[in-house]
Q: 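Handing you this structure, nothing more for now.
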Amino acid sequence: MPNISRDEVAHLARLARLAVTEDELDMFAGQLDVILQSVASVGEVAAQDIPPTSHAVRLTNVFREDEPRPGLAQQQALAGAPAVEDGRFRVPRILGEES
Amino acid sequence: MTLSTSDVLDYDEVLERFDPVLGLEVHVELSTRTKMFCGCPTTFGAEPNTQVCPVCLGLPGSLPVVNGKAVESAIRIGLALGCEIAPWCRFARKNYFYPDMPKNFQTSQYDEPIAFNGELVLELADGETVVVGIERAHMEEDTGKSLHVGGATGRIHGAEHSLLDYNRAGVPLIEIVTKPIVGTGARAPEVARAYVTALRDLLRALDVSDVRMDQGSLRCDANVSLMPKGATVFGTRTETKNVNSLRSVERAVRYEMTRQAAVLVGGGEILQETRHFDESTGTTSAGRRKETSEDYRYFPEPDLVPIAPSPEWVEELRATLPEMPWQRRKRVQADWGLSDLELRDLVNAGAIDLVAATVDAGASPDQARAWWGNYLAQEANSRGVELPDLPITPAQVARVAALVAEGTLTNKLAREVVDGVLAGEGEPDAVVAARGLEVVSDDSALYAAIDEALAAQPDVADKIRGGKVQAAGAIVGAVMKATRGQADAKRVRELVLERCG
Amino acid sequence: MSELIRLTAAELAARIHSGEVSSVEVTRAHLDRIAQIDPAVHAFLHVDTDGALAAARAVDEDVAAGRPVASPLAGVPLALKDVFTTEGIPTTCGSRILQNWVPPYDATLVRKLREAGVVVLGKTNMDEFAMGSSTENSAYGVTHNPWDLDRIPGGSGGGSSAALAAFEAPLAIGTDTGGSIRQPASVTGTVGVKPTYGGVSRYGLVAFSSSLDQGGPCARTVLDAALLHEVIGGHDPLDSTSIDAPVPPVVAAAREGAAGDLRGVRVGVVREFSGEWYQAGVISAFNRAVDVLRELGAEVVEVSCPHFDYGLPAYYLIAPSECSSNLARFDAMRYGLRVGDENGNSAEQVMSLTREAGFGAEVKRRIMIGTYALSSGYYDAYYGQAQKVRTLIARDFAAAFENVDVLVSPTTPTTAFPIGERVDDPVAMYRADLCTIPANLAGTPAMSVPAGLSEQDGLPVGLQVMAPALQEQRMYRVAAAYEVARDRAEGGPFINRVPELEVAR
């Protein structure tokens, strides 16, 4: 089933925010194809009536009380930031949804 | 931006040719003490990045834990909307990159909402009812807030850089989505507004949210499409965001109808896109076109276990539901002996809950109606805010009414007291004391003022003594002036007549 | 070389708690060993000399004052995989994107270690974000296997396993998503345990694949692993998937097992774990280990788990899918590396440039595979099917454990392979996890205990012992019994067969 093209790899890289190089596109196109072929066998086995497992533990309804807990001070929150301004994280201009 | 005539089609013409279909998505911030998945406080307006922790900052290694109170609120909202409650559901990750979202995925619910398939009954201004189907109500988390620096407009476009505050990131949200609303024709904009109003009232009655559209604790996205009259297949829809008031909901829907109609009539196609409403112009504009179509790659959130509300728990929560706004309307109409018209006026003014709460706090229905329906309604109108957003509570109004009833205040003084409360001078009794507004009910003080006035106008005094009772008005007026209006005019008149008797 | 570094954690604890030796002396001995040997092994990314000595002094003060020590492991040094957050100490996950990141909080596991008086020596090397089977995917250089410095120490927790085998620490912490504790243990002749999913808190464990990741103990002996297991295990309200139940009595089980009696224990040999990918030397060492179990009184039967063959493909869909989402947060906005913030580049461009520069090839590969597998058109065929395979594998385990108490297999199909051999062949690399993955998919516990050397190449082979969820005591008992029999046959602790490292002076 899989046959992953260079264009598809480029699309995946865009979705995943990876500015991959042209060389990487060639390399990954080949490797992803091999990997996807090697995992395609999952399609052979599991039938319609098998329920999927999303969680390894059978827990439900794990809740927290609505009680405030101490968090981080502003300075701690910002300590690891690449850039800071006025108590906020400074980031490059955002291409927004607004026109 | 100027509007050329071809931008929009005349509204009547829109309706001759098209049927509108609406879909409304409302996001409600819950008023829980802490966030959806961590113990950070949710108070509005704190210093930036002071209500954050490793979880809501999305720091590596951190894990979410669900706020049980938020789940309760979600179930109560679902029940109040007549929804079915899922016996088992999961959170899901909605994956997309955006700097205001610390994990670059939103923890939300996808194909397993906690509540689904309900309805909300609306009453329009003329009393017509519309039933709006509820598709689903699900739990998710809010994003942080960005501030755009540089650029001419201070808006995102043209900004040089942005500043991020994550205090709001992780605040619990309930997203309530309607089923397609069809067949409303010319009334579509009105229905949209009535729906958001009714939902707001319902959420307020449930006491689950501040429902402040101006602060963003209630937000509406309006999906609008048109189909040729008589058609059954829906047209392509647009989703209008940034609709921040009830009035804007109505305007945005109306504008989109006229804009889309102009495009369609001109032979164009409607693009499925996000549009932004501009309060100042009353128009919508297209968002940035994305390079690639959105694919959110939803999958079950592995860090949170499923939620499985037991029937017992759901019934317990059902028992906590307060009287619903529509039930309350029926009841108050009977209790207060209102005509349909009187009731509708109160409903349209958004005053029902306030009046009821004022009555609950001890005022008579007539007094409560008079305050909210007249003086305060005008005040809200002149301030350009919704009635419930006035800085006065039903309990305070009831106290003012009580002071009038016991004769401490005249109606005129009472309005001054209300003005004082609205001006932030404190409780009614404090305003009375601070402004010295108490009625002068001490008869000896009044006698002194009356004697003074009679002495100053001997000819008038003679006329009264001579039986010309209507001449007393001049003396009453003088006394009222002397007491700076703080006397009960009726009592003054009695005393004047007695003096001259 | 100080004799102290050759002792087990249990022995060190006994000497420290009796006052015979101080924790500071023990800690210094290990710090010295690290200074001496780590240039050749490169197990550590960061050594916290001051923090370690401070923790050691605190334990010594307790002992001197006659106060009860904080735990049975108080004062014993430990090497911590650099995937757990440590307040004030860098945490990189072996990635350039987290270079110099200093977390503002401790992982729950780290807090428990500190509260137990365990001395954290530093942070160990790993495959970037725990993706790999050789530690070659670290952004900070490869770690060398002390049995043969030209070979890999396993992965992703190769730093922790190498630190144990090089006597740089008697205890270590690993994380196991598809075998990252057990496979490194296997190829370094050490013990590694993946507890039941939910048995050890994941709060502060930087996520690779959330539904599979599990922190666990690493040591040179089964008892030491058990002692550490009891320190780090238990319920954590900050982890929603943490099990609210007592830690299984693994220390007692290890002691019971050491008596060397496995009569009444039923052991299942998984039929599917053999075939073309398995080295003959691994299979024969495994068979000898099974013979030993039989000699100890265990009843050995062959068991079929037909869906285990699908574990590897399912894993290589689920783990990349979850990682594509978990690693999205590394975007240059709030912490970590930022690249390309110039020339008016937008946030979106800076994100892409940073992630391109900050992630290595294996991480990018998996992010893209996961992005693909979760895409709307492919979800059902890939992620959805893989989740069904999980169900089938859990059913295979459940059926097997109706008939046997534990399952055994080789831990990994081969011994340590040469550095560089598989770097350009991801699929060959992935096969290292063939036998370990089913336990991750099912959430059940499993461990690797050294099973002697392969007659083919003289390198260590691991025996994997698997148990039902929350029944860790079963596998500890079997592993401890085997360990005693093995060392008796060998005439001394197996780990002493690791060659003396040539130290550049």
Side-chain angles (χ1 to χ4, degrees), chain A residues 4-20 25 36 42 50-99, chain B residues 32-34 37-41 47-54 56-57 59 65-71 88 90 97-100 104 146-150 155-157 159-166 241-242 274 276 285-288 291-292 295 297 299-300 302 304-309:
Chain A
I4 193 159
S5 69
R6 208 169 175 280
D7 283 351
E8 269 181 290
V9 174
H11 172 71
L12 292 173
R14 265 197 306 277
L15 269 180
R17 297 286 187 277
L18 293 167
V20 290
L25 278 183
L36 285 170
V42 291
I50 307 296
T53 297
S54 57
H55 295 77
V57 282
R58 283 175 185 271
L59 295 171
T60 55
N61 296 346
V62 175
F63 300 137
R64 171 177 59 77
E65 292 292 314
D66 187 25
E67 293 293 331
R69 277 174 55 95
L72 299 172
Q74 188 191 64
Q75 178 246 334
Q76 282 179 299
L78 297 170
V84 169
E85 189 177 313
D86 291 342
R88 296 175 171 88
F89 294 86
R90 181 184 162 139
V91 304
R93 67 195 172 88
I94 299 171
L95 297 182
E97 294 186 336
E98 237 182 296
S99 61
Chain B
T32 47
R33 296 176 67 199
T34 65
F37 302 117
C38 66
C40 288
E47 284 295 300
N49 297 306
T50 55
Q51 297 183 342
V52 293
C53 74
C56 57
L57 275 181
L59 292 189
V65 185
V66 174
N67 183 340
K69 182 78 190 295
V71 177
W88 190 89
R90 288 175 295 189
F97 286 83
Y98 209 73
D100 64 8
N104 286 320
S146 36
L147 202 70
H148 306 295
V149 182
R155 299 189 344 165
I156 192 164
H157 184 62
E160 281 154 12
H161 65 270
S162 298
L163 301 177
L164 290 164
D165 167 16
Y166 293 102
K241 292 183 182 286
N242 197 35
T274 300
H276 291 263
S285 55
R288 184 173 68 100
E291 288 168 41
T292 46
D295 181 347
R297 288 162 281 131
F299 70 102
L304 294 170
V305 301
I307 294 174

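We name chains A, B, ... by the order of the sequence lines, and we start the count at 1 in each one.
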Q: Would you mind checking which part of P306(B) comes under 4.5 Å of any heavy atom in chain A, side chain (CB onward), backbone (N, CA, C, O), both or neither?
A: both
Q: R90(A) vs H161(B), test: side chain to side chain donor-acceptor pair (under 3.5 Å). Steps then yes/no.
A: CA-CA 7 Å; R90(A) 181 184 162 139; H161(B) 65 270; 3.1 Å; yes
Q: Verify, without hydrogens or angle tests, whether Q74(A) (side chain) and P48(B) (backbone) share a donor-acceptor contact under 3.5 angstrom.
A: yes
Q: Say you draw a straight line from CH2 of W88(B) to CG of N61(A); how long is it, rounded to the nearest 0.5 Å?
A: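 Reported value, rounded in 0.5 Å steps: 11.5 Å.
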Q: Hey, could you give me the CG/CG distance between D86(A) and L147(B), rounded to the nearest 0.5 Å?
A: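 It comes to 8.5 Å.
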Q: Look up atom SG in C53(B) and atom CD in Q76(A), then write down how far apart they are to the nearest 0.5 Å.
A: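 Spacing of SG (C53(B)) from CD (Q76(A)) equals 11.0 Å.
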Q: Using non-hydrogen atoms only, which part of A16(A) is less than 4.5 Å away from chain B: side chain, backbone, both, or neither?
A: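 Backbone of A16(A) only, per the 4.5 Å heavy-atom cut-off to chain B.
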Q: Starting at CD1 of I94(A), measure out to CG of L164(B) and round the result to the nearest 0.5 Å.
A: 5.0 Å
Q: Tell me the closest heavy-atom pair linking H55(A) and P302(B), and the distance in Å.
A: CD2-O, 3.5 Å
Q: Using the rule given for side chain to side chain donor-acceptor pair (under 3.5 Å), can you reason through S54(A) versus R90(B), listing the C-alpha separation, both sets of side-chain angles and the distance that settles it, and then say yes or no?
A: CA-CA 10 Å; S54(A) 57; R90(B) 288 175 295 189; 2.8 Å; yes
Q: Working to the nearest 0.5 Å, report the span between CZ of R64(A) and SG of C38(B).
A: 6.5 Å
Q: Which answer fits Y166(B), side chain, backbone, both or neither, if we ask what part of it has an atom under 4.5 Å from a heavy atom of chain A?
A: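 Answer is side chain: those atoms of Y166(B) sit under 4.5 Å from chain A.
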Q: Between I307(B) and chain A, with a heavy-atom cut-off of 4.5 Å, which part of the residue counts as in contact: side chain, backbone, both or neither?
A: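 Its backbone and side chain both get close to chain A.
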Q: Specify which of E47(B), Q51(B), R297(B) makes the most heavy-atom pairs with chain A at under 4.5 Å.
A: R297(B)
Q: Any sub-3.5 Å donor-acceptor pair from D66(A)'s side-chain atoms to T32(B)'s backbone N or O?
A: no
Q: Using a 4.5 angstrom heavy-atom cutoff, name the option from V65(B), N67(B), V52(B) with the most pairs to chain A.
A: N67(B)
Q: Restricting to non-hydrogen atoms, name the atom on L72(A) and the atom on L59(B) that form the minimum distance, rounded to 0.1 Å.
A: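 Closest approach of L72(A) to L59(B): CD1-CD1, 4.3 Å.
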Q: What are the two closest non-hydrogen atoms of G87(A) and N49(B), and how far apart are they?
A: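 Distance-wise, the nearest heavy atoms are O-ND2, 2.8 Å.
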Q: Report which part of P92(A) has an atom under 4.5 Å of a heavy atom belonging to chain B: side chain, backbone, both, or neither.
A: backbone
Q: Counting C-beta onward and ignoring hydrogens, is there a side-chain heavy-atom pair between T34(B) and R69(A) closer than 4.5 Å?
A: no
Q: Report the distance from atom CG of D100(B) to atom CZ of F89(A), rounding to the nearest 0.5 Å.
A: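 Going from the CG atom of D100(B) to the CZ atom of F89(A) covers 13.0 Å.
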